[in-house]
**Q** 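One structure coming up, written as structure tokens, with questions to follow.
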Amino acid sequence: MADVSSANLVNNGNELIEKGHSLNGYRKSCWYEEEIEENLRWSFALNSILHTGASQYQDIALLDTKPFGKALVIDGKLQSAETDEFIYHECLVHPALLHHPNPKSIFIMGGGEGSTARELLRHKTVEKVVMCDIDEEVVDFCKSYLIVNKEAFCDPRLELIINDARAELENRTELYDVIVGDLADPIEGGPCYKLYTKSFYEYTVKPRLKQDGIFITQAGPAGIFSHTEVFSCIYNTLKQVFKYVVPYSAHIPSFADTWGWVMASDTPFNLNADDLDQRIKQRITGENKYFDGKTFSSASTLSKAVRKSLDNETQVYTEETARFIYGYGAEACKLNQV
């Protein structure tokens with residue numbers, strides 16, 4: 001959960017409440033604060049609150065932050081920030097696209113802000129990207145405010161669908177080279193946790209992949225302490241469905257943590273760092289800011305503690321045994337405010 005506060009203003013849920021208080025001569029400043037764990041909060045100064053709103057599914061805010069530029073916040077969780085979102089999105093997209101021999105058709109689950117589509121459309125082999133997000137208000141919001149993705153939203157190769165990703169995949173007949181899970185974190189009360197389950201991966205995602213197809217998903221915090229929230233469980237769940245599963249991670253400064261992704265396929269991942277670099281030169285328009293072959297080699301070499309934890313993980317993600325990252329979705333927030 002998060003607060004946006006200043007010497008004179010506190011955002012308490014969906015209400016702005018005046019709070020007069022002296023700072024003993026210090027300059028008044030507005031701050032964003034996110035509760036990462038029960039006894040741990042992360043905060044940074046704001047230049048301004050650019051927009052706040054709420055859709056049927058989620059609470060939305062766009063903040064102009066001092067350290068990280070414009071930042072998108074959904075359901076009290078920072079989703080991406082202007083200065084370092086390239087780390088998250090390059091790590092989400094490029095490993096799967098580069099390991100695939102010839103990726104032409106891509107399906108994005110979620111991805112409403114447009115950054116995942118932007119990175120996918122940099123690949124010269126890509127002919128069609130279907131982006132399916134359940135929340136039209138979030139998509140429209142991002143179209144209006146996130147100028148960096150304007151070209152991606154206008155690219156004729158992009159097909160934008162407003163629907164539940166499960167329903168859309170189940171109703172479609174075409175198969176895809178890569179399916180990307182750019183869903184909101186599995187938060188209790190949030191709209192997405194059911195799309196991290198074994199049954200969803202096995203009976204909805206995998207049947208929609210072509211031969212040599214690859215599934216890639218963001219998998220939540222992957223830090224030395226935080227990886228047991230959902231990362232290890234998502235990894236173990238995908239191991240039950242696909243023959244080859246690769247977990248990897250990277251530090252994202254605005255998240256105040258290491259973040260994780262998991263890539264899965266029934267075809268082995270055999271490329272080394274030099275192979276990846278060669279494909280980057282051949283296939284990608286423009287230069288990556290973060291990702292290259294050596295970066296992936298490093299990212300997929302997890303620490304001893306995390307490797308041991310993943311090896312020992314036994315829980316499989318189901319609707320009945322779901323794990324959640326710390327925080328609450330929009331529905332839970334509304335209940336808590338009653």
Side-chain angles (χ1 to χ4, degrees), residues 1-2 32-44 58 67-68 71-81 83-93 95 109-111 113 115-116 180-193 195-197 216-239 245-264 290 295-296 298-313 315-317 321-329 332:
M1 299 178 68
Y32 168 82
E33 183 177 274
E34 181 174 320
E35 192 169 341
I36 299 174
E37 297 176 10
E38 185 175 358
N39 298 310
L40 180 62
R41 294 187 176 189
W42 167 235
S43 63
F44 43 81
Q58 302 164 117
F68 301 116
L72 178 66
V73 178
I74 295 180
D75 280 352
K77 289 290 183 181
L78 183 67
Q79 301 299 304
S80 69
T83 60
D84 63 4
E85 58 86 6
F86 66 90
I87 303 172
Y88 172 93
H89 291 104
E90 288 186 16
C91 286
L92 174 66
V93 167
M109 304 188 299
E113 72 175 88
S115 299
T116 298
V180 181
D182 188 19
L183 298 163
D185 301 319
I187 299 175
E188 190 169 7
C192 292
Y193 76 92
L195 304 188
Y196 291 90
T197 61
I216 177 72
T217 183
Q218 78 92 5
I224 193 72
F225 300 120
S226 60
H227 72 276
T228 56
E229 291 184 8
V230 295
F231 180 60
S232 59
C233 184
I234 292 170
Y235 165 73
N236 188 56
T237 302
L238 284 166
K239 279 177 59 181
V245 181
V246 177
Y248 58 99
S249 64
H251 178 68
I252 301 181
S254 63
F255 288 1
D257 205 348
T258 299
W259 212 255
W261 300 265
V262 183
M263 182 169 63
Y290 183 81
T295 299
F296 185 71
S298 173
S300 56
T301 304
L302 304 175
S303 70
K304 177 182 178 181
V306 175
R307 292 199 312 271
K308 183 177 180 180
S309 182
L310 265 60
D311 288 343
N312 293 331
E313 180 63 74
Q315 183 166 335
V316 174
Y317 206 106
T321 63
R323 287 185 187 173
F324 306 102
I325 69 167
Y326 187 82
Y328 301 93

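When a residue number appears, it is its place in the shown sequence, counting from 1.
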**Q** In terms of ring plane angle, is the pair Tyr193 and Phe324 parallel, tilted or perpendicular, where the classes change at 30° and 60°?
**A** perpendicular

**Q** Do the side chains of Asp257 and Ile36 get nearer than 4.5 Å, heavy atoms only?
**A**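 No, side chains not in contact.
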
**Q** Gly220 and Val230: which non-hydrogen atoms are nearest, and at how many Å?
**A**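 The answer is CA-CG2, 4.0 Å.
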
**Q** What I'd like to find out is whether the side chain of Leu302 reaches to under 4.5 Å of the side chain of Ser249, using heavy atoms alone.
**A**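 They are in side-chain contact.
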
**Q** Of all heavy-atom pairs between Ala250 and Cys91, which one has the smallest distance, and what is that distance?
**A**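 Residues Ala250 and Cys91, closest heavy atoms: CB-SG, 4.1 Å.
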
**Q** Output the distance between atom OG1 (Thr217) and atom CG (Asp182), rounded to the nearest 0.5 Å.
**A** 8.0 Å

**Q** Less than 4.5 Å apart, any side-chain heavy atom of Leu310 and any of Asn236?
**A**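 Not in contact.
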
**Q** Between Glu229 and Pro221, what is the shortest heavy-atom contact and its length?
**A** OE1-CG, 3.9 Å

**Q** How close do Leu78 and Ala71 get, counting heavy atoms only, and between which atoms?
**A** CD1-CB, 3.5 Å

**Q** Going by heavy atoms in the side chains, are Ile87 and Trp259 under 4.5 Å from each other?
**A** no

**Q** Say you draw a straight line from CG of Leu40 to CD of Glu34; how long is it, rounded to the nearest 0.5 Å?
**A** 10.0 Å

**Q** Would you check, one step at a time, whether the test side-chain contact (heavy atoms from CB on, under 4.5 Å) holds for Tyr235 with His227?
**A** CA-CA 10 Å; Tyr235 165 73; His227 72 276; over 6 Å; no

**Q** Shortest non-hydrogen contact from Thr197 to Thr237?
**A**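 Smallest heavy-atom distance, with atoms named: C-CG2, 4.1 Å.
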
**Q** With the side chain counted from C-beta on, respond yes when Gln79 and Gln58 share a heavy-atom pair under 4.5 Å apart, and no when they do not.
**A**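 Of all side-chain heavy-atom pairs linking Gln58 with Gln79, none is under 4.5 Å.
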
**Q** Are side-chain heavy atoms of Lys77 and Ile325 found at a separation under 4.5 Å?
**A** yes

**Q** OH of Tyr32 to OG of Ser254: how many Å apart, nearest 0.5 Å?
**A**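 Nearest 0.5 Å value for the OH-OG distance: 9.5 Å.
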
**Q** Which atom pair, heavy atoms only, marks the closest approach of Tyr196 to Leu183?
**A** OH-O, 3.5 Å

**Q** For a 4.5 angstrom cut-off between non-hydrogen side-chain atoms, does Pro186 reach Tyr317?
**A**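 Yes, side chains in contact.
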
**Q** Kindly compute the distance separating NZ (Lys308) from CD (Glu313), expressed to the nearest 0.5 Å.
**A** 14.0 Å

**Q** So do the side chains of Thr295 and Tyr248 get within less than 4.5 Å of each other, counting heavy atoms only?
**A** no

**Q** Closer than 3.5 angstrom, by distance alone: can the side chain of His89 be matched with the main-chain N or O of Phe86 as a donor-acceptor pair?
**A**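 Not a single qualifying donor-acceptor pair exists.
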
**Q** Under 3.5 Å, is there a donor-acceptor pair between the side chain of Arg323 and the main chain of Thr228?
**A**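 Yes; at least one donor-acceptor contact below 3.5 Å.
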
**Q** Would you say Glu33's side chain and Arg41's backbone share a donor-acceptor pair under 3.5 angstrom?
**A** no

**Q** Just do the side-chain contact (heavy atoms from CB on, under 4.5 Å) check on Leu92 and Ile216 with the steps written out, would you?
**A** CA-CA 7 Å; Leu92 174 66; Ile216 177 72; 4.2 Å; yes

**Q** Would you compute the distance between atom CD of Glu37 and atom OG of Ser226 and round it to the nearest 0.5 angstrom?
**A**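 The distance works out to 7.5 Å.
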
**Q** Should the pair Trp42 and Phe68 be assigned to parallel (<30°), tilted (30 to 60°) or perpendicular (>60°) ring geometry?
**A**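 Taking Phe68 first and then Trp42, their aromatic rings sit tilted (interplane angle of 30° to 60°).
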
